[in-house]
Every structure is written in structure tokens, then in C-alpha cells.
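These notes are about the structure you will find just below.
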Amino acid sequence: MPALEDSIRFVKGIGPKKAALFEKLHIRTLRDALETYPRDYEDRTAITPIADIAEDGKYAVRAVVGTEPKTTHIRKGMTLVKCTIFDESGSLPVTYFNNSYAAALLRVGQEYVFYGRVQANGHTRMLVSPQSEKVSPDAEHPGRIVPVYPLTAGLTQRDMARVTEAALDAVPGDWPDPLPEVLRARYNLPDATDALVAIHRPQSAQDVKEARRRMVFEELFLLCCGLQQLKERRKADAGLVFSDTSLADFFAALPFSPTGAQHRAIEEIATDCASGRPMNRLVQGDVGSGKTIVAAALCALAAKSGYQAAFMAPTEILAAQHAETLAPLLEKLGISCTLLTGSMNAAQKRAALAAIESGAAQVVIGTHALIQQSVTFHRLGAVVADEQHRFGVAQRAALSAKGQTPHVLVMSATPIPRTLALILYGDLDVSVLDEVPPGRQPVETYAVGENMRRRITAFIDKQIREGGQVYVVCPLVEEGEMNLKSAEQHAIDLQKALPQRRVAVLHGRMKSAEKERVMQAFAAQEYDILVATTVIEVGVDVPNANLMVVEDADRFGLSQLHQLRGRVGRGTRQSYCIFFGADKGQTARERLKILCKTNDGFEVARADLSQRGPGDFFGRRQHGLPALHVADPIADLALMQSAREEAEQILQADPTLAGYPELRARVRRMFEERDDEAFN
Ligand code: ADP
Ligand code: MG
């Protein structure tokens with residue numbers, strides 16, 4: 001009797017060569033195979049009558065072989081086998097290329113279920129190289145649901161079926177189920193063994209659906225249990241207690257009165273810092289909602305209680321800008337502020353490092369440079385990560401490790417619904433800035449085509465004449481993309497069209513000092529137009545800029561365009577955003593129209609999700625969580641919510657899961673798979 005921990009090398013038909021290929025898919029043992037789920041299923045039980053096949057596509061056809069398969073040799077070494085099959089509704093030619101073996105198995109007069117691609121071309125149709133299975137005369141439900149596994153070159157679905165088959169055979173009769181029975185009953189979920197069998201060897205489409213639902217619930221439940229435990233464990237950690245959390249002087253120093261949402265978030269932070277537990281808080285707010293001063297409040301609180309604060313931004317431009325706005329504010333409160341970035345010269349760096357080490361630098365603003373080994377803090381008490389999706393969890397953890405359990409604040413403009421944020425960042429507390437500062441007018445947004453080019457150029461000119469400034473954003477152009485212009489080319493063309501205006505270019509290949517200089521000069525109104533790649537996407541704040549033109553906007557994701565748009569509409573001047581690309585087909589036009597209709601980041605994100613699919617959304621942005629194999633936190637949101645409530649309940653009664661050994665082991669394994677230390 002094989003065991004689940006056995007190597008797949010012992011499965012019949014799998015030699016060392018194939019085993020090496022399986023390794024590529026991270027399948028070494030039978031258990032690995034068991035946990036590699038199909039990425040899709042072919043439903044060969046849904047039989048289509050031949051007469052109903054009108055379009056190209058994959059079909060299952062139940063038909064009898066009518067003519068003897070005939071082989072012709074077309075070119076050297078190439079064979080073509082043809083025959084005709086028929087059912088009650090009509091007949092269909094079948095061809096096999098270079099596979100006389102498959103054809104040789106067919107018998108005239110015998111009924112099969114054929115499954116394969118039909119090529120339809122006007123009135124001629126042809127079933128190409130189908131797979132076939134004999135139908136016995138008394139079969140009521142011929143055809144199968146066939147799992148389709150992820151593969152790698154050299155492996156076939158057949159190889160995969162072999163090892164999963166062997167793995168299922170190795171599942172012991174008393175296979176433990178990590179899901180408590182009460183939950184299975186409450187949510188009507190099949191047990192672990194039944195679900196596994198249904199996933200790998202389904203009898204019906206319904207089987208697959210129920211099994212998948214169980215797997216999703218299980219995965220989310222394990223995730224929620226793990227996150228909840230982390231959260232509880234953190235609560236048990238001792239946190240720094242900030243002795244002075246009064247905020248009156250901070251609020252008095254602000255050049256404006258905070259919004260209600262900012263006020264609330266800052267109060268929450270002050271409470272956290274006095275609680276005796278380490279703060280771990282996410283501030284989530286749409287672009288322009290004013291996250292920076294919320295972070296500034298934390299920095300001020302740390303300094304007042306004799307601690308240092310580190311504020312990490314994802315780009316040099318952003319770090320410099322934060323330093324520029326925060327330094328005067330903090331200095332009013334008698335707090336010193338130091339910048340540390342990779343592009344500073346050696347002398348500047350040395351001075352900054354010394355100030356950080358001695359504690360003379362109370363608030364340190366910087367880039368990744370902050371987490372380098374050479375940086376030693378005197379007494380780090382608070383850590384801020386701005387635009388947190390730009391950082392790996394490990395980087396955030398590395399910054400925290402420079403102090404002893406400092407209070408941590410992460411900020412994100414990724415607009416996901418609050419319920420989802422709570423779940424995704426399950427180990428964090430969340431403050432939402434759901435209010436924009438007063439006096440903002442919504443950005444007027446238009447989607448246009450090339451035919452508007454001259455009018456838009458004139459509009460750019462007009463905005464500058466009236467005292468405004470303009471961003472022109474271009475997508476990154478990869479080599480060989482002939483029909484797209486680079487930022488440099490756009491700048492040259494624009495300068496030609498508007499010779500009296502001052503045009504600057506900013507792109508990723510420039511040295512950071514040069515980028516910095518250009519950005520500063522633009523902010524100081526030494527340029528009228530800044531032509532840039534998306535380096536300005538995050539955070540840049542030049543309130544006088546009131547027009548943004550995005551070239552080839554169809555090449556950007558909707559949420560990204562929304563972020564870009566957030567660069568204007570920051571002052572009191574009416575602001576505009578113009579997207580070129582509306583003439584690139586209906587889909588492009590419809591996508592861009594969504595942005596013309598709403599200025600609300602949540603709505604944009606929702607539309608973005610429904611158009612691109614969550615896989616893409618979550619694939620690109622690592623949220624620092626264990627990888628999910630079956631669940632999709634957006635599509636499965638309802639189950640996610642239940643899983644979270646149940647996890648909370650179970651852990652409340654049994655914090656260490658002592659009564660649920662299998663559940664405990666599985667949660668541990670799930671979180672062990674992580675390759676960074678943030679969850680330790
Ligand atoms: P975010 O980082 O959330 O995108 P910022 O913190 O950069 O937003 O703030 C955007 C702009 O709004 C900045 O120019 C900032 O000075 C301004 N601002 C922030 N809060 C307020 C407020 N309560 N009243 C007026 N202006 C504000
Ligand atoms: Mg910001």
C-alpha cells in the first residue's frame with residue numbers, strides 16, 4: 001500500500017525523467033500530487049448533436065464511426081487520417097494529423113464519445129484530432145468530466161492523471177479533515193476525502209462545484225485562522241507606550257483643518273500608541289484623501305515621547321517631496337527632520353547616518369535606503385510605509401526590525417472595499433479616509449481619439465496661459481513597438497507644437513538626481529509641461545498642476561489611470577484629465593468612459609476588477625499573504641466573510657486550536673510556506 005509521503009517515482013509509468021519534470025511543478029510526493037488541483041475541467045458529458053455545431057470550438061459528440069479511417073501521406077513524414085462519424089442529427093468528417101495510432105483504434109459501426117476542436121468554415125466542418133472513448137450499448141451517461149491540470153513541457157494530462165490516481169489510492173480511510181464537522185454541516189460541505197475524489201475524478205459538473213466550494217472554504221478558513229492567531233499574538237506583545245499623546249499642538253500647526261476622517265485616523269493612532277500594545281495599522285484612502293499628515297501625526301507623537309520615527313516612501317521623488325512638506329510642519333513643533341536616500345552624495349549620507357545614530361534626527365524620511373545595514377537608529381519608536389503595495393512585506397519587516405517592536409503604520413491608496421481590506425490585511429487594524437479635503441472640485445475627465453489632437457494641444461496652451469501646469473503621461477514603450485511614441489518623442493513633438501512653452505521630460509532611465517532636479521523645477525513652476533512615464537504615478541503633489549493628459553491610455557489599468565488622475569485636482573483651480581486612446585476600439589472606449597463618469601476610486605476599482613478579473617489584480621500585487629491556490633478573495637467574498645467569522649469564533653473558544661489538531665497542523669503548514677519573516 002503506497003503512502004502519501006512516497007515519491008511519485010514509484011508510480012507505474014513515471015521514470016526519473018518524468019519525475020524531474022514533475023519537480024518543476026513542485027510535485028515530489030503523492031501528497032503534492034493530491035494537492036495539485038485541476039486548473040479547469042472539460043465537460044464531456046454535455047453532448048452536442050452534430051447538426052447543432054455551427055461555430056469553432058471544443059465539443060463532445062456521441063457518434064458512430066461510419067467509414068473506415070483512411071490514411072494519406074501528405075508531405076515527408078506527415079500523415080493525415082480521415083473518416084466520417086454520424087449521429088441521429090447528421091454526419092461530421094474527422095481528421096487526425098500525424099496520429100494514425102488514435103485513428104487505428106476506431107472501429108466502423110462502434111459508438112464513441114469524441115471530444116475535440118471543431119473547425120467550422122462556412123458550410124464545411126471538421127473535427128480535428130479528437131480524443132475518443134467507447135460507449136457501451138447500455139451506457140446511460142456516456143462521456144466524462146475530465147480534469148485539466150497545469151502542465152510543463154514534456155508532461156501530458158495522462159501522466160498527471162496517473163499520479164493523481166495513485167495519490168487518491170494512497171489516501172487512508174481515516175484521512176483527517178481539518179474542517180470541524182459542525183462547520184461542514186452548517187455550510188453543507190462535503191468531507192475532505194469526498195471532496196478530493198470529486199476534484200480529481202468528478203462524476204458530474206455538480207460534483208466539481210460542491211468540491212470546489214469546500215476547498216475554497218477550507219483554504220479561506222485556514223487563512224483566517226492563521227491571520228487571527230497572528231493578530232492575537234501581536235496583541236500579547238508588549239508595545240512601546242508613548243507617554244505624551246496629546247494632539248492639540250499638532251492640529252494647531254497644520255496649515256488647514258483636518259477632515260473628519262483624518263481626525264478620526266489620527267485619534268486612533270494616538271490611542272494605539274498609548275495602549276501598551278504595538279500598533280499595526282493600515283490607513284487606506286483614495287488618492288488625495290490626505291494620508292501624509294496622518295503619518296506626520298504619528299511621527300510627531302513619537303518625537304514628543306522621545307522616540308525616532310522612520311517614514312519610508314517607494315521613490316526618491318516621493319521621499320524628497322515628503323521631506324519638503326513635513327520638515328516645516330514638524331520644525332514648527334520643534335522636531336528635526338532628516339532625509340536619507342540612495343542618491344545623496346557620500347558626505348550628505350555620512351551626516352544623515354550620524355544624526356540618525358545619535359538620535360539628533362528625530363524624524364527620518366527616506367527610500368529603501370532606510371533599511372540598509374549601515375543605518376542604525378538611536379531609539380526607533382514608529383515606522384511608516386507609504387504606498388505600501390510598493391513594498392514587500394519583508395521590507396516593511398526589515399524596517400521594523402531596526403527598532404524594538406516599534407508602532408507600524410502602512411498607507412495605501414489601493415481602493416479595495418473595507419470588508420475586503422479587513423480580511424486581506426486580517427492582522428492589521430484599518431483606518432479608512434473616506435472623505436476628501438474640502439474645496440476640491442472633481443477632475444473633469446474626457447476620453448478622446450487622435451482626431452482631437454490639435455484641440456487638445458490648444459487646450460494645453462490655454463491652461464498654461466491661465467497660470468496652470470500640465471502633466472503628459474506616456475506608457476513605457478518596449479522595443480519593437482512601432483506604433484507607440486516614447487516620452488522623449490512626445491516631448492519633442494509637443495515642444496514643436498508649443499514653441500513658447502517650457503517642456504521637461506522625466507523617465508525611469510534618468511539618474512535619480514536628475515529626476516529629482518526636474519521634479520523640483522516643475523514644482524517651482526520653472527516648467528509648464530512635464531512629459532513623463534509613470535514615475536509620477538504615486539504620490540507626487542504639485543497643486544498648481546491642473547491638467548493631465550495621458551497618451552495611449554488604453555494601455556493602462558483603470559486603477560492606475562485613477563491614481564494618475566489623482567496628481568491633478570489638488571489645488572483650488574478647476575482640473576482636467578484627458579485620456580487619449582478612445583479610438584482604439586470599443587473595449588478601450590468603454591473602459592475609459594468609466595473614469596469619465598466617476599471620480600470615486602472604489603467604484604473604479606470595482607469596475608476594474610469586473611473587467612480584468614481578480615486573478616490579474618491580485619497576481620500583480622502581492623499582499624504579503626500566503627498564496628491562495630483555489631480561493632479568489634473577490635469572487636468568493638461571501639464565503640470569505642463566513643470563514644472569517646467562524647475562525648474568530650473557534651479561536652475565541654480555543655486560542656491554540658488544541659482541540660483541533662489537524663486544523664492546527666494545516667494552519668501552521670500554510671503559514672510555513674511563506675518565505676519571509678513577517679509572520680513569525
Ligand atoms: P494622499 O497621500 O492621500 O494621496 P496627500 O497627503 O498627498 O494625499 O494630500 C493631498 C493634498 O491635500 C496635499 O496637497 C495636502 O496638503 C492637502 N490636504 C491634506 N489634508 C487636507 C485638509 N484637511 N484640508 C486641505 N488640504 C489638505
Ligand atoms: Mg500619498
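In what follows, residues are counted from 1 in the order of the sequence shown. We count ligands from 1, going down the list as the structure has it; atoms in each ligand are counted the same way.
- In this structure, Tyr471 and Phe522 have tilted ring planes: the angle between them lies in the 30° to 60° band.
- Within ligand 1, the atoms closer than 4.0 Å to a non-hydrogen atom of Ser257 are 22 (C), 23 (N), 24 (N), numbered from 1 in the order shown.
- Below 4.0 Å from some heavy atom of Pro258 lie the following atoms of ligand 1, by number and element: 23 (N).
- Every atom of ligand 1 with a heavy atom of Thr259 under 4.0 Å away is listed here by number and element: 23 (N).
- A heavy-atom separation below 4.0 Å is found between Gly288 and ligand 1.
- For ligand 1, the atoms closer than 4.0 angstrom to any heavy atom of Thr292 are 2 (O), 5 (P), 6 (O), 7 (O).
- Applying the ring-ring contact (aromatic ring centres under 6.0 Å, His included) definition to pairs two or more places apart or across chains, none involves residues 269-292.
- Below 3.5 Å of separation, one finds no N or O of Ile293 facing any N or O of ligand 1.
- Salt bridge annotation for Lys584-Asp554: present, with a cationic side-chain nitrogen under 4.0 angstrom from a carboxylate oxygen.
- Contacts with ligand 1 closer than 4.0 Å are made by no heavy atom of Met411, backbone or side chain.
- Contact atoms of ligand 1 toward Val287: 4 (O) (distance under 4.0 Å to a heavy atom of the residue).
- In plain terms, the two heavy atoms of Phe311 and Cys299 that are nearest each other are CD1-SG, 4.2 Å.
- Judged by the 6.0 Å distance and 45° axis criteria, Arg379 is positioned over the aromatic ring of Tyr307.
- The side-chain heavy atoms of Val443 and Asn599, taken from C-beta on, include a pair separated by under 4.5 Å.
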